[in-house]
2 protein chains.
Amino acid sequence: MTLDERKKRILESIIRDYVETAEPVGSRAMVKKHDLKISAATVRNEMADLEDMGYLEQPHTSAGRIPSESGFRYYVDCMMEKEPPGEREYALLQQLFEQNIEDWEQVILGIAHFLSQMTRYASFVIVPAIKFTEFRSLQLFPLDKGKALLLLVCDMGVIMHRIISIPELISSQDLQAITGMFNQAFRGKRLEEVKRSDLQLIRESLSQRRKIIDNALEAIDNLLQNSRDEKVMVSGALNILNEPEFKDMEKLKRILNVLEEDDSLRQIIPGELGEAVDIKIGRENPLEEIKEMSLVVAGYKSFGELGKIGVIGPVRMEYWKAVGTVETVRDIIEDYLKGLG
Amino acid sequence: MTLDERKKRILESIIRDYVETAEPVGSRAMVKKHDLKISAATVRNEMADLEDMGYLEQPHTSAGRIPSESGFRYYVDCMMEKEPPGEREYALLQQLFEQNIEDWEQVILGIAHFLSQMTRYASFVIVPAIKFTEFRSLQLFPLDKGKALLLLVCDMGVIMHRIISIPELISSQDLQAITGMFNQAFRGKRLEEVKRSDLQLIRESLSQRRKIIDNALEAIDNLLQNSRDEKVMVSGALNILNEPEFKDMEKLKRILNVLEEDDSLRQIIPGELGEAVDIKIGRENPLEEIKEMSLVVAGYKSFGELGKIGVIGPVRMEYWKAVGTVETVRDIIEDYLKGLG
DNA sequence: ATTAGCACTCAATAGAGGAGAGTGCTAACA
DNA sequence: TGTTAGCACTCTCCTCTATTGAGTGCTAAT
C-alpha cells in the first residue's frame with residue numbers, strides 16, 4: 001500500500017503538527033502553516049481518502065484529523081528520516097564513557113539519563129545478566145570473629161564479594177587449601193556453568209572442612225543467583241507528566257506504576273531484538289497497561305548477551321528523534337564494549 | 001494554651017473526618033457520625049471558638065471547617081496517641097532483617113518499602129556515610145593485562161574494591177611490599193582520617209614504585225569520596241498520586257521532582273534530630289516546594305553517625321499511624337545495629 | 001449554657017445559548 | 001478529471017444563569 005507524493009506530504013504535515021500540539025489538525029490551519037500549494041478543500045479530500053485507508057481518524061465529526069496508529073506505523077516504516085543527536089549532545093555522550101570508565105554502573109545510569117533528557121520521554125536500560133563471564137579466581141580472607149571475606153574475581157572486570165562465617169580456629173594453611181580447591185574446580189568455567197551440581201561435587205570431596213565449605217558454597221550460590229538477574233534502570237519516568245494525554249490520574253498511575261516496577265517493565269519490552277531499532281506503537285504492545293504508549297527499543301551485544309535500551313512515551317511521539325537517539329546511543333555502547341573485550 | 005475536654009473531642013473528630021475524607025467537616029454531619037451528645041448548634045459555637053484560636057479554618061463562608069496547620073500541630077503535640085503497626089506487620093518487619101542479614105542494601109530497601117506500604121505515604125531512608133568505620137586491611141591482586149584489583153576491607157563488614165593499572169612486569173614481592181606499606185600506614189585509622197595528606201606521605205616515601213602507588217592512591221581516594229556520601233533511598237513516591245490535594249499537575253510535578261532528586265530530598269530533611277520523632281507540618285518546612293506537605297522523621301544511630309528514616313505526605317496526614325510506624329521501625333533498626341557493633 | 005429555628009451564603013451542578021473551528025457536499029472552473 | 005470556492009451543517013467548548021443544598025451565624029426560647 002503506497003501513497004502518492006501529495007498524500008505523503010499531507011500525512012507527514014498532520015503527524016508533525018499533531019505531535020507538536022496534541023490537537024486534531026484541521027485542513028485550513030494546516031495549509032496555512034505548512035504553506036502547501038493547494039487549497040484547504042483539496043486537503044480535505046485527501047484527508048478523507050487517508051481516513052478511508054485507515055491512516056487518519058476523527059475524534060468527532062467536526063474536529064480536525066489525528067494520525068491513527070496505522071498512520072504512525074506507515075510514517076515510521078515508509079517515510080521517516082531519523083534524526084540523530086547533534087554534535088554537542090554526541091560529545092556529551094562520549095564524555096560520559098571517558099569519565100566513568102571504571103564504574104560501569106555510573107555509565108549505565110548516565111546513559112539512561114541522557115536518553116530521557118534528549119528525548120523528553122521515559123528511558124530504560126537493561127543490562128544483561130553476567131552469567132557468561134569466566135571465573136578467574138576465588139579468595140578467602142580471614143576477618144575477625146570467625147568471619148571471612150569471600151572474593152570472586154571474573155574477567156571483564158566483574159568482581160563480587162560476600163562475608164561468610166568460618167570456624168574461629170582455622171589455620172591459614174587450611175584456608176589456602178580450601179581456596180585452592182575451589183580454584184581448581186572453577187577455573188575457566190563460565191559463571192552459568194557453575195551450577196549447584198558442581199558445588200555439590202566439591203562439598204563431597206572435602207568433607208573434613210564441611211562447615212566452612214558449606215558457607216562458602218552458599219555465598220557463591222547466592223552471588224550467582226544475584227548476577228543471573230539482569231539489571232533494569234529507568235530514568236525520566238516523570239516526563240510523562242508533561243504529556244497532555246496522561247492528564248487523567250488513573251491512567252497516569254497505571255503507567256508510572258509499570259515504569260517503577262522492574263518486573264512489569266521487563267514484561268513490556270520485546271524479548272528478541274534484531275539489528276534495527278524496534279518500534280512498537282500503541283496497541284502493538286502486548287501489555288494492556290501501555291496500549292496507549294509507544295516503545296522504541298534497540299538491543300546491544302554485551303559479552304555475548306543481549307542488553308536493551310530504549311524510550312517509552314506517548315503514541316504521539318517524535319519517532320524521528322527517539323529512533324535517532326536510541327540508535328546512536330546503542331552504537332556508542334557497542335563500540336565501547338567492543339573496546340573492552 | 002489548653003483546650004477543655006469538649007473542644008478537644010470536637011477538634012479530634014474534625015481531624016479524623018478530614019483526614020479520612022479530605023472534605024471540610026460540617027457541624028450537623030459530624031454530630032451524627034460521631035454520636036456526640038450535643039447538638040449541631042453547640043458544635044457550631046465551639047467551632048467558632050476553635051476558629052478564633054486558629055485551630056480551624058473555613059475554605060469559604062458556607063463550607064464546613066478544616067483543621068488548620070496549627071490545629072494539626074496542637075493535635076500532634078497535646079492529644080495524639082501513636083498507633084504502632086500491628087502484630088503481623090511487626091513480624092514482617094523483623095523477618096526482613098533476619099532474611100537479608102548479609103545484604104545491608106537489601107535491608108535498607110526493604111525498610112523504605114515497608115514504611116511506604118504501611119503508611120501509604122512516600123518514605124525515605126538516609127544511610128549515613130561510613131567514614132567512621134575503621135580501616136582493616138588493603139590487598140592488591142594481580143589480574144591480567146597489567147591490571148590489579150585493589151581491595152579495601154574495613155570493619156563493620158564494609159568492603160570496597162576498584163580495579164587499577166599496574167606495570168605489566170611487576171614481581172609479586174614488589175606488590176606485597178607495596179601492600180604492606182599501605183597497611184602499615186592506614187592500620188586502625190578511621191576512613192575519614194585517611195586524607196589526601198596521608199596519601200601524599202606514602203607517595204613520597206616510596207618513590208621507586210611511583211606509578212602503581214599513584215594509581216592505588218587515586219583509586220582509594222575515589223573510593224573514600226564515594227563512601228563519604230550518605231545514601232538516600234526513596235520508596236512509594238507514587239503514593240501521593242492518590243491524595244486529592246495533589247490532583248493539580250503542576251503541584252504534583254514539583255513534588256515528585258523533589259522526591260526523585262536525592263539532593264533536593266536531603267535539603268528537605270532536618271539536619272539535627274533528637275530522640276523523639278520529629279514532625280514538620282506544612283509551612284513549618286523550610287523548603288518552598290513542600291510547604292503543603294508534612295514530614296515525619298526519626299534519627300537512628302549507625303556506627304556513631306546519624307541516619308534518618310521517615311515519611312512524607314500531605315498535611316492531611318494520619319499522623320498517629322505515621323509516627324507509630326516510623327518510631328517502631330527506628331527502634332528495630334537501632335536494635336539491629338546494636339547487635340552488629 | 002444549650003438548643004431549635006431561620007435567614008443567609010456560597011460552591012457545585014446543570015442547562016441554555018452562542019461562538020468557532022472544522023467538515024462534507026455541491027457546483028463551478030481550468 | 002482534478003481542483004477550488006461556497007455554504008450549510010455538526011459538534012465541542014465556553015460563558016452565563018438559575019437552582020440546589022450543605023453549612024453557617026444569629027436570635028430567641030429553654
Please state how far atom CD1 in A:I38 lies from atom P in D:dT4, giving the value in whole angstrom units. 7 Å
Could you tell me how far apart B:M30 (CE) and D:dA22 (C1') are, to the nearest whole angstrom? 15 Å
Check the orientation of B:W320 and B:Y75. Use parallel for under 30°, tilted for 30 to 60°, and perpendicular for over 60°. perpendicular
What I want to check is whether an N or O donor and acceptor connect the side chain of B:T61 with the base of C:dT9 at under 3.5 Å. no
If you compare every side-chain N and O of B:T42 against the phosphate oxygens of C:dA1 (OP1, OP2), does one of them come in below 4.0 Å? no
With a 4.0 Å cut-off, would you call B:R120 and B:E318 a salt bridge? no
Quickly work out the A:N45 CG to D:dG2 P distance and round it to whole Å. 11 Å
Taking atom types as they are modelled, is there a donor-acceptor pair under 3.5 Å from the base of C:dG24 to the side chain of A:R44? yes
Would B:E243 and B:R316 pass as an ion pair if we require N to O under 4.0 Å? yes
Starting from P on D:dT24, measure out to CD on B:E51 and report it in whole angstrom. 10 Å
A:E57 CD to C:dT23 C1', in whole Å, measures 16 Å
Check the distance between C:dG22's P and A:D17's CG and give it to me in whole angstrom. 11 Å
By nearest nucleotide on DNA chain C, pick out whichever of A:G64 and B:H60 is the more 5' one. B:H60
Select one nucleotide: of D:dT12, C:dC10, D:dG23, the one nearest the side-chain heavy atoms of B:A29. D:dG23
Nucleotide C:dT23, atom C1' - distance to CZ of A:R65 in whole Å: 7 Å
Counting only N and O atoms by type, is there a donor-acceptor contact under 3.5 Å from the side chain of B:R330 to the main-chain atoms of B:E275? yes
Less than 4.0 angstrom from a charged side-chain N to a carboxylate O is my criterion; do A:E12 and A:R9 meet it? no
Expressed in angstrom and rounded to an integer, what is the separation of A:R28 atom CZ from D:dA5 atom P? 11 Å
Just checking A:A41: base, sugar-phosphate only, or nothing, at a heavy-atom cut-off of under 4.0 Å? base
Whether the side chain of B:S62 and the base of C:dT9 hold a donor-acceptor pair under 3.5 Å is what I'd like checked. yes
